[in-house]
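As C-alpha cells, the structure follows; a few thoughts come after it.
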Amino acid sequence: MRERETEIMIKRRNETAVQEFILEGFPAVQHLGNVLFLGHLLAYLASLTGNTLIISITWADHRLHTPMYILLSNFSFCECCLITTVIPKLLVIFLLGRQTIPFPACLTQAFSSLFVGATLFFLMAAMSLDRYLAICRPLHYPTIMNLRVCFFLVFFCYALSFITITGLVIEVSQLSFCGPNVIPHFFCDLGTLTNLSCSETGYIEILAFCLAVFILFSSFLITIIAYSNIVGTIMRLPSAKERQKAFSTCSSHLIVLSLMYGSCVFIYVKPNQTDRLNSNREAALVNTVVTPLLNPVIYTLRNKQVHQVLRDILSRVKSQK
C-alpha cells in the first residue's frame, strides 16, 4: 500500500514539475523594447568587435606572443563567451517578448555564465600577477613568466572554474521545481533559480555563498597584493612623467576592477538569496554589457604597442591590394 502511495506521489510530482521558466527581464521598461533592443544590440556588437580584435591581433602578430597579451586574449575570449551566453536571449525578450526558456537551457545558461565569470576573475588575478612580476621583478620576469608558465596559468584558471562551478550546478539540477516559474531576472541566475525550488535549498545557498566568497576574494586578494607592490614600485620611479603615466594605467585597471568586483560582491556575497532578488538586474547588467564594452579600450586598445601592430597590419593589407 505504501509503495502504491509513493508511486502516486511521484507521478503527481512529475506531472506538476516545471518544464520551463519565464525570464521577467525589465518589466518597468518593457514598453521601450525596440529602443532597448537597438541599444543592447549595438553594445553587444561593439563588445564582440573590440574583444575579437584583441584576440585576432594577439595571435596574428608574433610581437604580441607574450604572457601579458596571451592572458589578455583569453580574458577577451571569456568576455565574448559571457555576453553571448546572456545578451542574445535578452535581445529576444526586448524585441519579441519571448520570455520562456526550457529548464535544460536555463541550467546551461546558468552554468555557462558562472563558469565564464569565475574564469574571468581568476584570469584577472593572473594578469595582476603578471604585471607585478613585469614591474617589480623585471630582471627575473623572463625566466619566471615564460610561455609555458603562462599557458599553465590559463589552463589552471579554466580548470579551477570548471571544477568549482560544476558541483554547484549539479546540486541545483537535482532540485525539484513544482511551484512558481517566473525568474525575476533577465537571465537564468543560479541564485534566483534556486529560490524557486520547492526542495530544501539551505545547504545549496550556503555552498553557493562559500564558492562566491572563494572565487571573489581569492582573486581579489591576489590582485590587491600585486597592485599594492606595483604602486610602491611606481612611487620610487625617479621621473614624475613616468610616475604619472604609470598611475594613469593603474587607474584605468582599477576602474574595471571596481566595476567587476563591486557588482559581483553586491550580487553574490549575501547569505540570504531573497535579499538580492530585486536589485540584481542592474548590477548584473554592468558585468554583462558595460564592462565587456569598456575592457577592450581600457586594457588593450589604448596600448601603443597594439596601435603599432594595427597600423602594421593595415599597411600590409593595403600593400597587398
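Predicted, not measured: the structure shown is a model, and the values here were computed from it.
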Can you tell if the side chain of [X] reaches within under 4.5 Å of the side chain of [Y], non-hydrogen atoms only?
X: Asn181; Y: Leu196; result: no
X: Thr288; Y: Leu90; result: no
X: Pro292; Y: Tyr44; result: no
X: Phe186; Y: Lys89; result: no
X: Thr58; Y: Leu72; result: no
X: Phe121; Y: Leu216; result: yes
X: Ser113; Y: Phe187; result: yes
X: Leu175; Y: Phe177; result: yes

If you measure from [atom1] on [X] to [atom2] on [Y], what distance do you get to the nearest 0.5 Å?
X: Leu123; Y: Ile70; atom1: CG; atom2: CD1; result: 12.0 Å
X: Asn195; Y: Asp189; atom1: CG; atom2: CG; result: 10.5 Å
X: Ile215; Y: Thr164; atom1: CD1; atom2: OG1; result: 5.5 Å
X: Arg63; Y: Tyr69; atom1: CZ; atom2: OH; result: 10.5 Å
X: Leu114; Y: Ile165; atom1: CG; atom2: CD1; result: 5.0 Å
X: Met127; Y: Phe75; atom1: CE; atom2: CZ; result: 5.5 Å

Under 3.5 Å donor-acceptor pairs involving side-chain atoms of residues 91-106, not counting sequence neighbours:
| from | atom 1 | to | atom 2 | distance (Å) |
| --- | --- | --- | --- | --- |
| Gln99 | NE2 | Leu23 | O | 2.9 |
| Gln99 | NE2 | Glu24 | O | 3.1 |

Under 4.5 Å between side-chain heavy atoms, chaining through other members, with only Ile, Leu, Val, Met, Phe, Trp and Tyr counted: pull out the rest of the cluster around Ile22, sorted by chain and number. Val182
Using a 4.5 Å side-chain heavy-atom cut-off and chaining through intermediate ILVMFWY residues, the residues clustered with Leu139 come out as none
Could you tell me which non-hydrogen atom of [X] sits nearest to which non-hydrogen atom of [Y], and how far apart they are?
X: Ala134; Y: Tyr141; answer: N-CD1, 3.4 Å
X: Ala226; Y: Leu129; answer: CB-N, 4.4 Å
X: Ser73; Y: Ile54; answer: CA-CG2, 4.4 Å
X: Ile230; Y: Ser128; answer: CD1-O, 4.5 Å
X: Thr85; Y: Gln109; answer: O-NE2, 3.0 Å
X: Thr223; Y: Ala125; answer: OG1-CA, 3.8 Å

Would you please classify the geometry between the Phe111 ring and the Phe115 ring as parallel, tilted or perpendicular, with 30° and 60° separating the classes?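 Geometry flag for Phe111 against Phe115: parallel rings.
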Taking distance alone, no hydrogens or angles, what donor-acceptor pairs closer than 3.5 Å link side-chain atoms of residues 143-161 to residues at least two apart or in another chain?
| from | atom 1 | to | atom 2 | distance (Å) |
| --- | --- | --- | --- | --- |
| Thr143 | OG1 | His140 | O | 2.9 |
| Asn146 | OD1 | Arg148 | N | 3.1 |
| Asn146 | OD1 | Val149 | N | 2.9 |
| Asn146 | ND2 | Thr143 | O | 3.3 |
| Tyr158 | OH | Asn74 | OD1 | 3.3 |
| Ser161 | OG | Thr119 | N | 3.1 |
| Ser161 | OG | Thr119 | OG1 | 3.1 |
| Ser161 | OG | Cys157 | O | 2.8 |

Look at the side-chain heavy atoms of Ile, Leu, Val, Met, Phe, Trp and Tyr, link any pair under 4.5 Å apart, and say whether Leu293 and Phe37 land in one connected group. no
Co-membership, hydrophobic cluster, residues Leu211 and Phe209, 4.5 Å side-chain: yes
Do any N or O atoms from the side chain of Asp130 and from the backbone of Ala126 form a donor-acceptor pair under 3.5 angstrom?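 Checked: no pair found.
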For Thr233, give me all partners under side-chain contact (heavy atoms from CB on, under 4.5 Å), at least two apart in sequence or on another chain.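 For Thr233 the side-chain contact (heavy atoms from CB on, under 4.5 Å) partners, ignoring immediate neighbours, are Ile135, Cys136, Arg236.
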List the residues meeting side-chain contact (heavy atoms from CB on, under 4.5 Å) with Thr52, not counting sequence neighbours, and say none if there are none.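 For Thr52 the side-chain contact (heavy atoms from CB on, under 4.5 Å) partners, ignoring immediate neighbours, are Ser56, Cys80.
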